[in-house]
Participant: 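I'd like to ask some things about the structure below.
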Amino acid sequence: MEKNFFTDLYDFIRTGLVYEPDSGPKPFVLKEKEGQQSKDFLVEAPLVAREMGVLLRHATRLERLMKQTIAWLYDENLHSEKLKDLAGELEIMKKQQGELAPMLLSYNQAELDEHLVSASLTENQRIIRNLYDLPDNKDLIARTFEIPCQPPIAALLVFMEGMIDKKLINLSILQPLMNIKGPCDAWENDLVGNIVNLALPSNQAKKLSNFSELVQGINDGDTALFLDGQTKAVLLETKGYALRTIGKPQLEQSVRGSQAAFCEGLRINTGLMRTYLPTADLVTEIIKVGDRVPVKCAIMYLKSVVNPTLVTEIKRRLNGISTDYIVNMGMLEQFIEDYPKVPFPQMLSTERPDRAAVHLTEGRIALILDGTPFAQVFPINLFTFLHSVEDFSLKVPIGTFMRLIRTMGGILSVILPSLYLAVNYFHQEAMPTELALAIAGAREKVPFPSLVEILLMDFSFELIREAALRVPGLLGTSIGIVGALILGQAAVAANIVSPIMVVLIAITGLASFTIPDYRLAMAVRVMRFIFLLLAASLGLVGLSFGVLIILVGLCSMKSFGVPYLSPLAPRTTAGLDVFIRGSVFNQERRPDDLNAQDERKQPLISREWTKEQPSGKEREK
C-alpha cells in the first residue's frame with residue numbers, strides 16, 4: 001500500500017505507543033577496564049621469547065651471509081670488492097655476536113628504551129619500531145639509505161615529523177652523507193667520529209650509545225643517525241618546530257618599560273633572559289619533571305648572588321615530583337610550594353623578562369617551564385605582589401604614591417563590604433545621622449536584608465567578570481556594558497538592590513582591579529566572602545577576628561624558607577623597596593630576608609660624579 005497522510009499518521013502514533021527494539025547495530029559502549037591489546041608482541045612477550053627472537057634474527061642473517069658466500073665462491077667473476085663487502089659483513093656479525101650475551105642480561109634488567117645501540121642496524125630498527133608503534137604512528141619517520149663509500153654502509157635516519165627542519169636534514173645530513181665517495185677503510189677504528197668530524201656540518205652532534213637518550217633527543221626535535229656495524233648512534237640538532245614569536249605583555253603592560261614578553265619556547269625564553277642579563281654569572285639548569293611525559297624546566301639564577309641552599313632545595317623539590325605530566329606552571333607551582341591549600345600565591349608569576357631579571361639580581365630564582373609563557377620567581381613576600389613593573393621607571397614620589405594607592409585598594413577590596421555590613425547591622429551609632437537616614441531611605445523599598453543584597457551584587461559582579469574572561473575578546477566589552485550598566489540600573493529600578501549598594505560594589509570591584517597580581521586578586525575575592533559572613537554574624541568583632549586569623553596565618557607562612565610578611569613580621573631590615581620606594585641610588589643592599597651571598601648591590605655613594613667638579617670648572621679657575 002502506498003504511503004499517504006493517514007498511513008504516516010498511523011505510523012507516528014504506533015511508534016509513540018508501541019515499543020520496538022532497534023534493528024540497527026549496537027551502539028558503542030566503552031567498557032571499564034576493557035582488555036588491553038598488546039601494542040606489539042615483542043613488547044609484551046615473555047623475556048625468553050624476546051631473547052630467542054634476537055638469536056633467531058642473528059642466525060637468519062648468518063645463514064644469508066653463508067649462502068651469499070657460497071654463491072660468490074662459485075662465481076668465476078669474483079673480485080676484490082666483493083671480498084671487501086664479505087669481510088665487512090663478517091666484522092658486523094662478530095660485533096653482534098659479542099652483544100648477544102649482554103643483550104640477554106639487558107632484557108632482564110632494562111626496559112626497551114634503555115637498551116644499548118646494537119651493531120646490527122636491523123636490531124636498532126626493530127627497537128625503534130617497537131618504541132614508536134610503527135607503522136601505526138605516522139609522526140616518526142625512519143629513513144633508510146646507504147652511504148656510497150667503499151664498502152657501502154647501510155644507515156638509518158630517525159626523526160619526528162613536524163618538529164624538525166626538513167631543509168636542514170636534506171642539506172646538512174643526507175646530502176653530505178650521500179656524497180661520501182671512495183674507500184672509508186681508514187675510518188674503521190672510529191667510523192662514527194670521522195663521519196661526525198668530516199662529513200656532517202651540523203652545529204651540535206653527540207655520539208650516544210643508549211636508546212633512552214636518543215629517544216629524548218628525537219622527541220625534542222633532533223635527528224638520530226644509526227650506522228650498520230656501529231654500537232654508537234649520532235644525535236644531530238635539527239629542531240624546527242613552529243613557535244609563537246616574542247610579543248607584547250598582555251597582563252603586565254608598561255608605558256615606559258620593555259615591550260617584550262615570554263613565549264611558549266623554553267630556549268627562546270632562556271635566551272630572552274640572557275639578553276637582559278648578559279653575564280657568565282647567569283646559570284641555566286634544566287631539569288625534566290614528570291614521569292610518563294617529561295617536560296623540561298629551566299632554573300635560572302645568578303651564581304655569585306643567590307643563596308646556594310635555595311638552589312639545592314628547589315632542585316630537590318623538582319626531582320621529587322612523581323606524576324605523569326605537568327601541563328603548565330600553575331600545576332608545577334602546586335607541586336613545589338609549601339602551602340598548596342592556601343589561596344595566597346607564594347611565587348611571583350610574571351610574563352616580563354625584565355621583571356624576572358630584576359628579581360634575579362636581588363638573589364631570587366626564576367623557573368621557566370617549556371610551553372608556558374610565564375616565569376615563576378621565588379622566594380617572595382606578600383608586599384612584592386603589590387609592586388608593579390612600572391615602579392622601576394617612575395620617579396620616587398609618584399612610584400610611592402602608586403604603591404600606597406594599590407595597598408589601599410587591596411585593603412578596601414577585602415573589608416569594605418563587610419565593614420558596611422557590620423556597621424549597618426550592629427553599630428549604627430558609628431554612622432552620621434544624615435548618612436544613616438540616607439541609607440535607610442534608599443533601602444526602604446528593597447525587600448532583602450543587606451547581606452543578601454551584598455551577596456547578590458557581589459555574585460553578579462563575579463559572574464560578569466568570569467563571563468567577560470571566558471567569551472572571545474570582542475564580546476567581553478559588550479558583556480561588561482550589559483552587565484555593569486544595564487543590569488545594575490535595571491536592578492535598582494526594580495527595587496532589588498539599593499543605589500548605595502551599587503556604589504559600594506562598584507568601589508570594591510575597582511579597588512580589586514588595582515591589585516597587580518591576578519592570583520592575589522582572586523585570593524582577595526575569596527577572603528571577602530568569608531569576612532562578609534563574619535561581619536553579618538558578629539559585626540566588627542567578627543571582622544576583627546577574621547583579620548586577626550588571616551594575619552596570624554600569613555605570619556606563619558613561608559615562601560621557600562622566607563617569611564611571607566617579611567620585613568614586617570618578623571622584623572628585618574626593610575630597605576627602600578617595600579611600601580615606600582626610595583631612590584635607586586639609595587638602594588644599596590639586597591633584601592635582608594633572602595640571605596644572598598653578596599648583600600650589597602652598590603656602594604654607599606653610587607653617584608660618584610656628585611663628588612667631582614662639573615665639566616668646564618677647571619677652565620674657570
Side-chain angles (χ1 to χ4, degrees), residues 250-251 253 343 405-406 408-428 430-537 539-540 542-543 546:
Q250 301 295 323
L251 301 178
Q253 296 183 1
I405 289 290
R406 290 187 215 111
M408 186 62 68
I411 295 173
L412 284 178
S413 64
V414 176
I415 67 170
L416 183 59
S418 53
L419 183 63
Y420 166 80
L421 200 63
V423 172
N424 193 19
Y425 274 14
F426 298 94
H427 313 283
Q428 295 87 354
M431 286 191 293
T433 307
E434 293 79 5
L435 180 60
L437 292 175
I439 294 175
R443 298 197 66 257
E444 185 180 6
K445 297 182 180 178
V446 177
F448 305 113
S450 297
L451 176 61
V452 176
E453 203 178 358
I454 290 179
L455 291 177
L456 190 63
M457 286 298 297
D458 223 351
F459 273 120
S460 302
F461 189 78
E462 297 297 332
L463 285 176
I464 294 170
R465 180 156 46 185
E466 194 67 20
L469 286 176
R470 302 304 162 209
V471 299
L474 295 176
L475 299 178
T477 308
S478 304
I479 288 180
I481 294 173
V482 171
L485 297 180
I486 300 176
L487 188 61
Q489 188 176 3
V492 172
N495 293 326
I496 297 176
V497 296
S498 60
I500 192 169
M501 193 56 64
V502 176
V503 174
L504 184 72
I505 297 300
I507 294 176
T508 305
L510 290 175
S512 67
F513 287 147
T514 61
I515 301 174
D517 191 86
Y518 174 71
R519 296 173 303 156
L520 181 62
M522 295 183 69
V524 165
R525 287 155 61 183
V526 174
M527 291 296 108
R528 187 163 64 238
F529 287 104
I530 297 175
F531 285 170
L532 274 175
L533 298 178
L534 289 173
S537 56
L540 288 178
L543 180 60

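Residue numbers count from 1 along this sequence.
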Participant: I need the minimum non-hydrogen distance between Ser450 and Leu421, along with the two atoms involved.
Facilitator: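 Reported closest heavy-atom pair: CB-CD1, 3.5 Å.
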Participant: What distance separates Ile530 CD1 from Ser418 OG, expressed to the nearest 0.5 Å?
Facilitator: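 Spacing of CD1 (Ile530) from OG (Ser418) equals 11.0 Å.
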Participant: Between Val502 and Pro499, is there a side-chain heavy-atom distance shorter than 4.5 Å?
Facilitator: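 No, their side chains stay 4.5 Å or more apart.
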Participant: Is there side-chain contact between Asp458 and Leu455, with at least one heavy-atom pair below 4.5 Å?
Facilitator: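 Asp458 does not reach Leu455 side chain to side chain.
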Participant: For the atom pair CG (Asn424) and CG (Leu504), what is the distance rounded to the nearest 0.5 Å?
Facilitator: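 Rounded to the nearest 0.5 Å, the CG-CG separation comes to 10.5 Å.
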Participant: Of Ile515, Thr508, Ile411, Leu412, which meets side-chain contact (heavy atoms from CB on, under 4.5 Å) against Val524?
Facilitator: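 Exactly one candidate clears the test, Ile515.
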Participant: With heavy-atom distances below 4.5 Å as the criterion, would you say the side chains of Val497 and Val492 are in contact?
Facilitator: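 Side-chain contact under 4.5 Å: yes.
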Participant: Where do Ile500 and Tyr420 land on the side-chain contact (heavy atoms from CB on, under 4.5 Å) test, with the steps shown first?
Facilitator: CA-CA 11 Å; Ile500 192 169; Tyr420 166 80; 4.2 Å; yes
Participant: Let me confirm one number: the CG-NE2 distance from Leu543 to His427, rounded to the nearest 0.5 Å.
Facilitator: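 Nearest 0.5 Å value for the CG-NE2 distance: 9.0 Å.
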Participant: Would a 4.5 Å heavy-atom cut-off, applied to side chains only, mark Met431 and Ile439 as touching?
Facilitator: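 Met431 vs Ile439: side chains touch.
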Participant: Using side-chain heavy atoms (C-beta onward) and a distance below 4.5 Å, is Ile464 in contact with Phe461?
Facilitator: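 With C-beta onward as the side chain, the pair stays apart.
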Participant: Working to the nearest 0.5 angstrom, can you tell me the gap between Ile505 CD1 and Glu462 CD?
Facilitator: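 Here the interatomic distance stands at 9.5 Å.
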Participant: Taking all non-hydrogen atoms of both residues, which atom of Pro343 and which atom of Ala523 are closest, and how far apart?
Facilitator: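 Minimum heavy-atom separation between Pro343 and Ala523: O-CB, 3.5 Å.
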Participant: Answer yes or no: is there a side-chain heavy-atom contact under 4.5 Å between Leu419 and Leu540?
Facilitator: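 In contact.
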Participant: Taking the side chain as everything from C-beta on, heavy atoms only, tell me whether Arg465 gets closer than 4.5 Å to Phe513.
Facilitator: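 Arg465 vs Phe513: side chains touch.
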Participant: Which heavy atom of Gly409 sits nearest to which heavy atom of Thr514, and what is that distance?
Facilitator: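 Where Gly409 meets Thr514 most closely, the heavy atoms are CA-OG1, 3.5 Å.
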Participant: What's the shortest heavy-atom distance between Ser498 and Glu453, and which atoms?
Facilitator: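 Taking Ser498 first and Glu453 second, the nearest heavy atoms are N-OE2, 2.6 Å.
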Participant: A side-chain contact here means heavy atoms from C-beta on lying under 4.5 Å apart; do Tyr425 and Leu451 qualify?
Facilitator: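 The answer is yes, as the side chains (C-beta and beyond) meet within the 4.5 Å cut-off.
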Participant: Just how far is it from atom CG of Leu416 to atom CG of Leu532, taken to the nearest 0.5 Å?
Facilitator: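 Result: 10.0 Å between the selected atoms.
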Participant: Mind listing the closest non-hydrogen atom pair of Gly539 and Ala422 along with its distance?
Facilitator: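 Closest pair (atom of Gly539, atom of Ala422, distance): C-CB, 3.5 Å.
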Participant: With distance as the sole test, does Arg443 use its side chain to make a donor-acceptor pair with the main-chain N or O of Phe448 at under 3.5 Å?
Facilitator: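 Checking the backbone N and O of Phe448 against the side chain of Arg443, a donor-acceptor pair under 3.5 Å is found.
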Participant: If we ignore hydrogens and angles and just use 3.5 Å, is the side chain of Gln428 paired with the main-chain N or O of Ala436 as donor and acceptor?
Facilitator: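 Answer holds: no.
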